[in-house]
Amino acid sequence: MRTPFLAGNWKMNLDRRTALDLVGALREHLGGRTEVEVAVFPPFVYLDEIARALAGSPIKVGAQNCCDEAEGAFTGEISISQLADVGASLVVLGHSERRHIYGETDELVNRKVQRALAAGLEVILCVGETLAEREAGRTEEVVRTQLHGGLAGITAVDMARVTIAYEPVWAIGTGVVASPAQAGEVHSYVRGLLAGLFTAEAADSVRIQYGGSVKPSNVKELMAVGDVDGALVGGASLKPDDFLPIIDFAR
Ligand code: PEP
């Protein structure tokens, strides 16, 4: 039984006040509910304060990135132990904006995944194809390469702390959402790849989130797909009016 996992990736949005108001509303709304798992990914500078605001609630706090090195002369970078120190318990890695804007390779993503898991954090590993790749019939090849590359050297035991987010790049921030059939096809392909890389049991336990223009109006039909176990939400995670109905998709 995979607990649905709804996560809000705030990207480089919100200020201190709106961020605190947002998590205050989330905390009050969610109370002690455990039938869904919820996480927020604030910008680095607000992590400490947001983690303190959510202390004692079931809502997890994560980082949007981390450095692949442990410590030292890496100006502008943030280490995984610094993230853990301020209360982050998970990290999003391999997001398409990191891959496409900042040129992150599968090798770099994999070093970050290894670093995060070794430090005891959870990871959301993002994979997904561009529109050109989909139109060229390369979706499975791209997803397979990113998944194999990102998870190199990871054990079946480690996979208990890994969530995969399938985020077609053409659906991120565009308002164009994958159809339930399109999402379902790739999600079941990903689960099959995980079974090949690890064990059938490990693959069956891993949650696979869909990400890309998830909104209150489309979350229910996406979550109805067998292999869709949650959502990684960008724009619609920034306001309680959007994110709370997403969390409540089953109500
Ligand atoms: C994302 O950035 O992970 C994302 C899915 O964004 P949006 O929901 O805005 O498409």
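One-based numbering, in listed order, for ligands and for the atoms of each. We use all heavy atoms of the structure for the numbers below, so side chains are in, but hydrogens, waters and symmetry mates are not.
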Engineer: Taking distance alone, no hydrogens or angles, what donor-acceptor pairs closer than 3.5 Å link side-chain atoms of residues 57-68 to residues at least two apart or in another chain?
Structural biologist:
{"residue": "S57", "atom": "OG", "partner": "L54", "partner atom": "O", "Å": "3.1"}
{"residue": "S57", "atom": "OG", "partner": "I59", "partner atom": "N", "Å": "3.1"}
{"residue": "K60", "atom": "NZ", "partner": "E37", "partner atom": "OE2", "Å": "3.1"}
{"residue": "K60", "atom": "NZ", "partner": "E122", "partner atom": "OE1", "Å": "3.4"}
{"residue": "K60", "atom": "NZ", "partner": "E122", "partner atom": "OE2", "Å": "2.7"}
{"residue": "Q64", "atom": "NE2", "partner": "K11", "partner atom": "O", "Å": "3.0"}
{"residue": "Q64", "atom": "NE2", "partner": "F41", "partner atom": "O", "Å": "2.9"}
{"residue": "Q64", "atom": "NE2", "partner": "P42", "partner atom": "O", "Å": "3.4"}
{"residue": "N65", "atom": "OD1", "partner": "K112", "partner atom": "NZ", "Å": "2.8"}
{"residue": "D68", "atom": "OD2", "partner": "R111", "partner atom": "NE", "Å": "2.9"}
{"residue": "D68", "atom": "OD2", "partner": "R111", "partner atom": "NH2", "Å": "3.3"}

Engineer: Should the heavy atoms of other residues, nucleotides or ligands under 6.0 Å from CZ of R33 be counted, would the total exceed 12?
Structural biologist: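 Yes, enclosed.
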Engineer: Which of the atoms of ligand 1 are close to S213, meaning less than 4.0 Å from one of its heavy atoms?
Structural biologist: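 Those of ligand 1 that fall under 4.0 Å from S213 are 7 (P), 8 (O), 10 (O).
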Engineer: Checking a contact table here: which protein heavy atom is nearest atom 9 (O) of ligand 1, and how many Å away?
Structural biologist: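 For this ligand atom, the closest protein heavy atom is G235 N, 2.8 Å.
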Engineer: Less than 4.0 angstrom from a charged side-chain N to a carboxylate O is my criterion; do E141 and R138 meet it?
Structural biologist: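 Looking at E141 and R138, the cut-off is met.
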Engineer: Could you tell me whether T174 and ligand 1 have an N or O pair separated by under 3.5 Å?
Structural biologist: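 No - when backbone and side-chain N and O of T174 are compared with those of ligand 1, no distance drops under 3.5 Å.
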Engineer: Take atom CD in E71; do more than 12 heavy atoms of anything else shown fall under 6.0 Å from it?
Structural biologist: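 No.
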Engineer: So which heavy atom in the protein is nearest atom 1 (C) of ligand 1, and how far is it from that ligand atom?
Structural biologist: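 Checked against all protein heavy atoms, atom 1 (C) of ligand 1 sits closest to H95 NE2, 3.2 Å.
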Engineer: Write out the residue and atom name of the closest protein heavy atom to atom 10 (O) of ligand 1, then the distance separating them to 0.1 Å.
Structural biologist: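 So the nearest neighbour among protein heavy atoms is G173 N, 2.6 Å.
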Engineer: Checking D248 against H29: is there a side-chain donor and acceptor pair closer than 3.5 Å?
Structural biologist: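 Yes, a side-chain donor-acceptor pair sits under 3.5 Å.
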Engineer: What do we get for I172 next to ligand 1 when only non-hydrogen atoms under 4.0 Å count, side chain, backbone, both or neither?
Structural biologist: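 Both of them.
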Engineer: Of the backbone atoms (N, CA, C, O) and the side-chain heavy atoms from C-beta on, which set of A171 has a member under 4.0 Å from an atom of ligand 1: side chain, backbone, both, or neither?
Structural biologist: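 It is the backbone that gets close, since no side chain atom is under 4.0 Å.
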Engineer: So does D204 pair up with R191, basic N to acidic O under 4.0 Å?
Structural biologist: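 Between R191 and D204 there is no salt bridge, as every charged N stays at least 4.0 Å from the carboxylate O atoms.
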Engineer: Can you pull out the closest protein heavy atom to atom 3 (O) of ligand 1? Residue, atom name and distance to 0.1 Å, please.
Structural biologist: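 Atom 3 (O) of ligand 1 sits closest to the protein heavy atom E167 OE2, 2.7 Å.
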Engineer: Can you tell me if G212 contacts ligand 1 (heavy atom of the residue under 4.0 Å from the ligand)?
Structural biologist: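 Per 4.0 Å heavy-atom rule, G212 contacts ligand 1.
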Engineer: With atoms numbered from 1 as shown, which atoms in ligand 1 lie under 4.0 angstrom from a non-hydrogen atom of N9?
Structural biologist: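 Counting from 1, the qualifying ligand atoms are 2 (O), 3 (O).
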Engineer: Mark yes when over 12 heavy atoms from residues, nucleotides or ligands other than E28 sit less than 6.0 Å from its CD; otherwise mark no.
Structural biologist: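 Atom CD in E28 is not packed in, count stays at 12 or less.
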Engineer: Going by salt bridge (Lys or Arg N to Asp or Glu O under 4.0 Å), R134 matches just one of E140, E185, E129. Which one?
Structural biologist: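 Testing R134 for a salt bridge (Lys or Arg N to Asp or Glu O under 4.0 Å) against E140, E185, E129 leaves exactly one candidate, E129.
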Engineer: Quick one: nearest non-hydrogen protein atom to atom 4 (C) of ligand 1, plus distance?
Structural biologist: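 It is G234 N, 3.6 Å.
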